[in-house]
Protein chains: 2
Amino acid sequence: MTSSRATLIQVAERAGVSLASTSRALHGTGASPAMVERVRAAAAELGYSPDATGRSLRMKRTFQVAFAVADIGNPVYVEMLTAIHEVLAPHGYRVVVMSTGHTVASTADLVRSLSSGFVDGLIVSPLRTDDELVTAIMQAPVPVVVIGRSLEQHGIDSVSTDSAAGLGQAVAHLLEIGRRQIGFVNGPLDTTPGAARQRGFDAATSGPAFTGEHAETERADDFTVAAGLEAGRRLLARGGLDAVVAANDLLAIGVIRAAGELGLSVPGDLAVTGMDDTEIGKVFQPSLTSVSLGSAERGRLAARLVLDRVGDGVEPARQVAVGPHLVVRESTAAAPSKEKRAR
Amino acid sequence: MTSSRATLIQVAERAGVSLASTSRALHGTGASPAMVERVRAAAAELGYSPDATGRSLRMKRTFQVAFAVADIGNPVYVEMLTAIHEVLAPHGYRVVVMSTGHTVASTADLVRSLSSGFVDGLIVSPLRTDDELVTAIMQAPVPVVVIGRSLEQHGIDSVSTDSAAGLGQAVAHLLEIGRRQIGFVNGPLDTTPGAARQRGFDAATSGPAFTGEHAETERADDFTVAAGLEAGRRLLARGGLDAVVAANDLLAIGVIRAAGELGLSVPGDLAVTGMDDTEIGKVFQPSLTSVSLGSAERGRLAARLVLDRVGDGVEPARQVAVGPHLVVRESTAAAPSKEKRAR
DNA sequence: CCATTTTCTGGAAACGTTTCCAGATCCTGT
DNA sequence: ACAGGATCTGGAAACGTTTCCAGAAAATGG
């Protein structure tokens, strides 16, 4: 309907003052009250609103931050996105969502695409972190914050969590409620979370601190419900387990479904824990005992880091960490009566 | 690390040719092979990549499309976002996510914020559609596509679905499997989907076509699991129902949890249907019988509409509709033996 | 071999904004 | 009343790109 947007030049003409004064008046910097009044009026009459592109070009600021993620369907990333949005929006920043899954060959390519300068900063949560990605991040023309592995040695800002320790908490909880035969359904080992969680499980089930009797791992192809269902079937078919730790809430749900197929009740016959403490886990039946890795909190922190960087950005790289903590819900409970409850 | 990005001017100097020729060479339009070669080499040496802002200013195109939504946590919108992304990315468009929930006073304000021209188009899925919003959309300086109510009379592109008919399908299914006492858990009536679904339920349970015995409605404060749980408690406490239609998968999950609290089994004692056919409904236990409204499809269609508009955009407004269809899963089954199965 | 078209190139303008700089006006203190 | 400063204003440049225009060079046709 509106033919074309009004420009600052038109406002200046309408107000009968110079372009420079017009700009100043609208920003309230060093303009007389009379001038401000005139310009405001002219701007209002024309329905002026400043053009983001022109301003960006001049100010060398786009007021946009990108959030890049492998699979936006994963509830963890949705939580992060929400948190990032909440922190950035009040500062006038928009959030551009980039999916590395389908459009760009690799996360490194995506980081390199920043060189076109459409964004003031990037928050990325990569599944895999290789040298190519690290190099791309270090050469990026805008601040990049990584959610995932700590990259302190490369001078890259990062927000991490100790998912290995989180796995330890899950195992400890299962032992405490009297479980002894513990299975682990992990995602792909060549991913950052997959590797860390495997380390955590192995550590928790190997040393003398492990009071259980048996521990075994089954690997799912992906961090999804479908992959968890398949891996769960394979693992449970072998029998003999009274608890399963899943590397993920989605995998945990898959495992519970597999248990259902085999007629095992959860938590009666089988206790199951997840990880990430997602919304979907909370509403699932049974609700999931899950290790929270503070997704929202990590998103918030990442947003703050990138906000600090785009301000001045000369300070050294910072690493922040969010500690994991276990949230106990319905999917785990004391082992049936045949074993007495551990202290 | 990189001090500052190379500009086209620097490439031109390096290649020893004019700025104009440099631009043409890189675009392959009307430049001699020798020129192209020289410029390409210079650009490669300097690691040049064109600046998005400068290009946007000149071309009056940002190559960005906004997707605005009340609550990005709702899985329906995540599905739409994914679909939109998949359609737009291959055409070189980025997607900017805007949440109307926490940052902007109203959706109308958000639409008005488009006047700063940071985006070439908008896809919006408003919960409520009032005159203010319609006006804002009609005055918007860029094409807007609405996912939700059809706005043909205002000349606004829209993608709609017939959720009232969808509700009819759910009720018909319940009657067919022998349910007779049907409850409805709806969201707020002053929202577009809330109103449409109420209409659908009332129509399906009032005429002579309704072969059931009883129908009643309970309203939840919001389209969330928590609100569904509360509304479900209120509804089921009154007793006497053998089926519940929920306006939403999230509400349906809340209802199933409420049923669980009261010792009712689903689908044995109570059949429950959802709507939206979300991923979470598929993996829930019991998996949800749900009316698919084609969320991904609607997202795709909206993206195509906006893509057509930013191309030339002089064609008349278009309305596309996606038909609802019921997907039967575990949460509904034939009524227990006391009643014989209806034809 | 000249006239005409085609191909290619460089200068310059334009997109809309912010901000530096210099000049003008006003006020203040002595 | 006048020097000095503070306050305000307008001209102009700059950000990085694309594209119009005109002119030069090359190719084509007779």
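Per chain, numbering begins at 1; letters A, B, ... match sequence-line order. Only heavy atoms go into these numbers, but all of them, side chains included; no hydrogens, no water, no symmetry mates. Owing to the predicted nature of the structure, the values given are computational and were not obtained by experimental measurement.
Listed by chain and residue number, Y93(A) satisfy the ring pair (Phe, Tyr, Trp, His ring centres under 6.0 Å) test with F63(A) (two or more places apart in sequence, or in another chain). Take R24(A) and apply the salt bridge (charged side-chain N to carboxylate O under 4.0 Å, His left out) test, not counting sequence neighbours, and it matches no residue.
Annotation: the span from R300(A) atom CZ to I84(A) atom CD1 amounts to 10.5 Å, rounded to 0.5 Å. Taken from CD1 in I123(A) to CZ in R298(A), the straight-line distance is 12.5 Å, to the nearest 0.5 Å. Here the straight-line distance linking atom OG1 of T107(A) with atom CD of E132(A) works out to 9.0 Å at 0.5 Å rounding. Atom OG1 of T53(A) sits about 8.5 Å away from atom CD of Q64(B), to the nearest 0.5 Å.
Pairs engaging residues 146-160 of chain A under the salt bridge (charged side-chain N to carboxylate O under 4.0 Å, His left out) rule: D157(A)-R309(A) [sequence neighbours left out].
For the pair R94(B) and F118(A), the cation sits on the ring face: its NZ or CZ lies under 6.0 Å from the ring centre, inside 45° of the axis.
Each of S18(B) and L19(A) was assigned the nucleotide of DNA chain C with the nearest heavy atom; the assignment lying further toward the 5' end belongs to S18(B).
Contact of the F223(B) side chain with the P188(B) side chain is registered, since non-hydrogen atoms from C-beta on lie closer than 4.5 Å. At least one side-chain heavy atom of V97(A) sits less than 4.5 Å from a side-chain heavy atom of L81(A).
Listed by residue number, S23(B), R24(B), H27(B) are the residues of residues 23-37 of chain B with a heavy-atom contact under 4.0 Å to DNA chain D.
At its two ends the helix from dC1(C)-dG30(D) to dT30(C)-dA1(D) runs along axes set 30° apart, each axis drawn from five pairs and the angle rounded to 10°.
Read 5' to 3', the first and last nucleotides of DNA chain C with an atom closer than 4.0 Å to a heavy atom of chain B are dC8(C) to dG16(C).
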